[in-house]
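Below, each value reflects all heavy atoms present in this structure, side chains not excepted, and no hydrogens, waters or symmetry copies.
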Amino acid sequence: DLLSHGLANLGLTVLPSEGTYFLLTDVTGMGYDSGAQFCADLPERAGVVAIPVSALCDDVSVGQTWVRWAFCKRPEVLAEALDRLRVGFA
């Protein structure tokens, strides 16, 4: 819930997760039309990483604007990542 609500507060559309350690978000709310480009920019802008869903699909257009985030982290790590995202994309 911590990561899901935090990402939604940043303007990302978050798909609910049931039984996994991952969340999917649409990055168009942050001005991107490519999840791959968003993920390429993440380390420099915010010091965090995510996986573009297009990298997991045979047809890259299927997950073009979607990103996968792992939330199997300690709450303080997730909170820091959200803080870094807020600053990096302010």
Distance-only donor-acceptor pairs under 3.5 Å for side chains of residues 75-90, two or more places apart:
residue, atom, partner, partner atom, Å
Glu76, OE2, Arg74, NE, 2.8
Glu80, OE2, Arg84, NE, 3.1
Glu80, OE2, Arg84, NH2, 2.6
Asp83, OD1, Arg86, NH2, 2.8
Arg84, NH1, Gly47, O, 3.0

> Rounded to the nearest 0.5 Å, how far apart are CG of Leu56 and OG of Ser54?
Replying inline: 8.0 Å
>> Using the rule that Ile, Leu, Val, Met, Phe, Trp and Tyr join whenever any side-chain heavy atoms are under 4.5 Å apart, tell me whether Trp69 and Phe22 fall into a single cluster.
In response: no
> Does atom CD1 of Ile51 have more than 12 heavy-atom neighbours, drawn from other residues, nucleotides or ligands, at distances under 6.0 Å?
Replying inline: no
>> Looking at every heavy atom in both Cys57 and Gly63, which two are closest together, and how far apart are they?
In response: SG-N, 4.3 Å
> Shared ILVMFWY cluster between Val27 and Val48, side chains joined below 4.5 angstrom?
Replying inline: yes
>> Quick one, Val67 with Tyr32, criterion side-chain contact (heavy atoms from CB on, under 4.5 Å). Give me CA distance, side-chain angles, the key distance, then yes/no.
In response: CA-CA 11 Å; Val67 170; Tyr32 282 83; over 6 Å; no
> How many angstroms lie between CG in Leu7 and CZ in Phe71, if you round to the nearest 0.5 Å?
Replying inline: 11.0 Å
>> Is it true that, when you exclude Asp59 itself, more than 12 heavy atoms of the residues, nucleotides or ligands shown sit nearer than 6.0 Å to its CG?
In response: yes
> With Thr65, which of Thr13, Thr28, Val53, Thr25 fulfils side chain to side chain contact (heavy atoms under 4.5 Å, CB included)?
Replying inline: Thr28
> Do you know which two heavy atoms are closest between Ala50 and Cys39, and how far apart they sit?
Replying inline: O-SG, 3.4 Å
> Same cluster or not: are Leu12 and Leu42 linked, directly or through other Ile, Leu, Val, Met, Phe, Trp or Tyr residues, by side-chain heavy atoms under 4.5 angstrom apart?
Replying inline: yes
> In the single-linkage hydrophobic clustering (I, L, V, M, F, W, Y; side-chain heavy atoms under 4.5 Å), do Trp66 and Met30 co-cluster?
Replying inline: no
>> Is there a path of hydrophobic side-chain contacts, each under 4.5 Å between heavy atoms of I/L/V/M/F/W/Y residues, joining Leu2 to Val14?
In response: yes
